[in-house]
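Have a look at the structure below before the remarks.
The figures here come from the full heavy-atom set of this structure, side chains too, leaving out hydrogens, waters and symmetry mates. Nothing fancy with the numbering, it's 1 onward along the sequence.
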Amino acid sequence: MTTSAKPLSVAVIGAGMAGRSHAAGYRNVNTVFGTGLPPVRLAAIADANVALGEDAARRYGFEKALPSWEAVVEDPTIDAVSIVVGNALHRPIAQALVAAGKHVLCEKPLAGSLEDARAMAELESTAEVVTAVGYTFRRSPGIAAIRDHVQRGELGDLSLFSGRYWCDYATDPNGPLTWRFKGGPGSGALGDVGSHVIDAAEYVAGPIVSVSGASLSTQIPKRPLPLGAVVGHNAAPVSDEFGEVENEDTASFTARFESGLVGTFSVTRTGFGLPNGLAFDILGLGGRAAFDQHRPAEYLFDDAQPDARTRGARQIIAGPNLPYFAGGVPMEAPGVGASNGDNFTYQARAFLDQVAGVAEPIPACATFADALRTMEIIQAVVASSRADGAAVTVPPAA
C-alpha cells in the first residue's frame with residue numbers, strides 16, 4: 001500500500017462528462033473527511049480527442065493531457081486510474097492497468113459484454129491492486145440514510161421496492177448514433193441507467209434472486225450518423241445517412257429479492273422532460289421512504305408515530321445527521337444542498353482510502369464482482385423479455 005509520506009498520483013482515462021466528474025472528484029478528495037489521505041498528484045487526463053483532454057486537464061488542474069490510454073499504462077509514476085470511456089474498452093484497459101500494477105476505478109456498467117465482465121471479475125480475484133466500480137449513487141446522503149433505516153428495521157417487514165431511472169437524453173430522433181446505441185439488448189437504457197437503479201435497489205434492500213415480466217422496446221430505431229466526435233449526450237452535426245439502433249430505449253421488469261420483497265423497475269432514455277430521474281420508493285409494514293435525484297438534498301420518510309393525526313411523509317433535509325454530509329461539505333448545515341459532484345468526490349475519496357490503506361476509511365467502493373452481478377441481473381431481464389416475461393433466476397451473489 002502507498003504510505004502517507006508519498007503522494008498518490010492519479011489519472012483519468014476519458015475526458016467526457018463522467019470523466020470530468022472523476023477529475024473534479026480527485027481534485028477535491030483532500031477537502032473532505034479530515035486528515036489521513038496522502039497528498040494527491042493530479043497527473044494526467046487521457047483522451048483520443050486531444051483538445052477535449054487538454055481542456056479537461058486545464059479545468060481541473062491536471063499536469064498534462066495524454067492522447068491515449070496506453071500512455072497512462074506506460075507512465076510508471078501513476079498509481080491509480082479511473083476508466084471512463086465506452087463500455088467495450090473497459091476490459092482491455094483494466095487488464096493493462098492491473099498488469100502495470102495500477103489501482104483501477106472503472107465506470108459502470110463494468111464491461112460491454114457479460115463475457116468481458118466475467119473476465120474482469122476473475123482478474124480482480126487475483127489482482128494485487130485495488131479494483132473498484134463507480135456506482136456513484138451509493139454516496140448520496142439520502143440513499144445511504146434510507147439504507148440505514150432499512151438495516152435498522154425501521155420500516156418493518158418490507159413489502160415493495162419500486163425503482164425507476166427515467167432520462168430524456170435520447171428523445172431527439174436527430175440525436176447522433178453514438179456508441180451508446182450500439183451493442184445487443186441490455187446494453188442500452190438497461191446498461192446505461194438501469195445498472196444504477198439495480199445497484200441502488202440491492203444496496204438498500206438486499207440481493208435480487210429472480211426477475212420476470214420483462215419488456216424491452218426501442219422508440220427510435222434509426223439515428224443519423226455523426227460527422228465528428230460526440231461528447232457525452234451533447235448534440236452534434238450529423239449526416240444524411242442513418243444507422244440502426246441496436247439496443248433498448250426503454251425497459252421494465254419485476255424482481256424478487258432474497259428477503260421475499262417484491263420489486264418493480266422501469267428505465268428509459270426517452271422520457272421527455274426528465275434529465276436525470278433516478279428515484280425509488282421502499283415500503284414496509286411499519287414505514288416507508290422515497291428518494292428522487294431531481295431533489296438530491298432530501299428524502300421522504302414516514303413511520304408509525306404514536307399519534308395517527310400527525311402521521312405522513314416528512315421531508316428530511318440533508319444535514320450533518322445524514323451519512324457523508326458531516327465532513328463532506330464546506331458548510332455543515334442543513335439546507336445548503338447536495339450535488340452529484342459531491343458524490344463523485346466521496347467516491348474518489350473512498351477509492352483512494354482503499355488504495356492508501358487509511359486507518360478509518362469511508363465505506364469501500366463496489367467491486368468488479370458487484371458490477372458483474374448487476375450485469376447478470378440485466379442479462380436475466382433480457383432473457384425474461386425473450387421468453388415472453390417468464391421468470392429467470394439470477395445467479396447467487398458471490
Side-chain angles (χ1 to χ4, degrees), residues 135 137-138 140-166 190 193-215 250-268 271 274 277-296 298-318 321-323 366 370 373-374 376-378 380-381 383-385 389-397:
Y135 283 121
F137 290 105
R138 291 189 178 200
S140 161
I143 292 176
I146 292 172
R147 181 175 188 259
D148 288 345
H149 286 303
V150 170
Q151 292 192 331
R152 289 195 291 260
E154 293 170 354
L155 304 185
D157 291 338
L158 301 179
S159 56
L160 178 68
F161 180 97
S162 178
R164 55 203 179 274
Y165 205 150
W166 299 341
L190 268 172
V193 296
S195 56
H196 269 308
V197 72
I198 290 169
D199 180 72
E202 291 205 308
Y203 182 67
V204 169
I208 290 171
V209 295
S210 68
V211 301
S212 60
S215 177
T250 300
S252 63
F253 63 97
T254 62
R256 176 76 65 174
F257 290 76
E258 186 176 76
S259 65
L261 174 68
V262 173
T264 65
F265 294 79
S266 62
V267 297
T268 187
L274 294 161
L278 181 145
F280 65 84
D281 295 80
I282 185 163
L283 311 180
L285 301 183
R288 60 190 174 99
F291 176 84
D292 187 336
Q293 177 59 23
H294 288 152
R295 302 177 68 89
E298 65 184 63
Y299 69 98
L300 298 180
F301 183 76
D302 189 12
D303 61 1
Q305 299 181 64
D307 191 335
R309 295 177 303 165
T310 59
R311 290 178 188 166
R314 305 189 293 282
Q315 180 190 41
I316 312 299
I317 301 294
N321 56 310
L322 298 192
D370 293 330
R373 175 171 174 76
T374 306
E376 289 174 334
I377 294 171
I378 288 171
V381 172
S384 174
S385 73
V392 177
T393 300
V394 176

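Under the salt bridge (Lys or Arg N to Asp or Glu O under 4.0 Å) criterion, E258 pairs with no residue at all, not counting sequence neighbours. The salt bridge (Lys or Arg N to Asp or Glu O under 4.0 Å) check on E298 picks up R295, with sequence neighbours excluded. Judged as a side chain to side chain donor-acceptor pair (under 3.5 Å), and not counting sequence neighbours, the contacts of S162 are T264. Listed by chain and residue number, nothing satisfies the salt bridge (Lys or Arg N to Asp or Glu O under 4.0 Å) test with D148 (two or more places apart in sequence, or in another chain). F161 meets the ring-ring contact (aromatic ring centres under 6.0 Å, His included) test with F265, F280; sequence neighbours excluded. Evaluation of the salt bridge (Lys or Arg N to Asp or Glu O under 4.0 Å) rule for R164 yields D281 as partners, not counting sequence neighbours.
With values rounded to the nearest 0.5 angstrom, D370 atom CG is found 11.5 Å from Y203 atom OH. Atom CG of residue L155 and atom CD1 of residue I282 lie 6.0 Å apart, to the nearest 0.5 angstrom. The CD1 atom of I198 sits 13.0 Å away from the OH atom of Y165 when rounded to the nearest 0.5 Å. Here CG of L160 is found 7.0 Å from CG of L261. Values are rounded to the nearest 0.5 Å.
Here the closest heavy-atom approach between residue F257 and residue G206 is recorded as CD2-O, 3.2 Å. Considering all non-hydrogen atoms of both residues, A380 and V394 come closest at CB-CG2, 4.1 Å. The shortest non-hydrogen separation linking S266 to W166 is OG-NE1, 2.8 Å. Summarising the geometry of P323 relative to P141, their closest heavy-atom pair is O-CB, 3.2 Å, with the distance given to 0.1 Å. Listed here is the closest heavy atom pair of V150 and V204: CG1-O, 3.5 Å.
In this structure the side chain of I143 reaches within 4.5 angstrom of the side chain of L278, judged on heavy atoms. The side-chain heavy atoms of L322 and Y299, taken from C-beta on, include a pair separated by under 4.5 Å. Side-chain contact between R314 and L300: absent, with no pair of heavy atoms (C-beta onward) separated by less than 4.5 Å.
Ion pairing between a basic and an acidic side chain is recognised when a charged N comes within 4.0 Å of a carboxylate O; R373 and D199 show no such pairing.
Between the side chains of Y135 and T374, a donor-acceptor pair is found at a separation under 3.5 Å. Under 3.5 Å, the side chains of S212 and T254 contain a donor-acceptor pair of N or O atoms. Checking T268 against T250 by side-chain atom types alone, a donor-acceptor pair falls below 3.5 Å.
For the pair S384 (side chain) and V392 (backbone), a donor-acceptor distance under 3.5 Å is absent. With hydrogens and angles ignored, the 3.5 Å screen pairs a side-chain donor or acceptor of E202 with a backbone N or O of I208.
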